[in-house]
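Shown next, in structure tokens, is the structure this report addresses.
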Amino acid sequence: MQQAQERGATAVEYGLFVALIAAVIIVGVAALGQSTIGLFQPVSNFFASLPH
């Protein structure tokens, strides 16, 4: 019975680690996306100003 409880606890710990890593990745991608908007905005404005 002890091994089953330890396996369950280990699975919960791994689940928490995965959730934490996923949260860090999501925050990082969101921050990177916000910082790159300024890089592409002039390009977008240039193509928008071209005659159709």
Side-chain angles (χ1 to χ4, degrees):
M1 188 67 159
Q2 184 71 12
Q3 281 184 319
Q5 288 177 344
E6 288 179 15
R7 285 184 185 166
T10 302
V12 169
E13 290 170 355
Y14 283 135
L16 291 173
F17 286 139
V18 169
L20 178 64
I21 290 169
V24 169
I25 290 171
I26 290 169
V27 169
V29 168
L32 182 63
Q34 291 296 321
S35 67
T36 57
I37 288 174
L39 294 174
F40 294 109
Q41 194 64 44
V43 176
S44 175
N45 292 341
F46 170 75
F47 284 112
S49 68
L50 291 177
H52 292 95

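All values below come from the heavy atoms of this structure, side chains included, with hydrogens, waters and symmetry mates left out. As the structure is a prediction and not an experimental result, all values here were calculated from the model.
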Check side-chain hydrogen bond (donor to acceptor under 3.5 Å, both in side chains) between Gln41 and all other residues, then give those that pass, not counting sequence neighbours. Asn45

Would you mind listing the cluster partners of Ile26? Hydrophobic ones only (ILVMFWY), side-chain contacts under 4.5 Å, chaining allowed. none

Could you check Val27, Leu32, Ile25 and say which one makes a side-chain contact (heavy atoms from CB on, under 4.5 Å) with Val29? Ile25

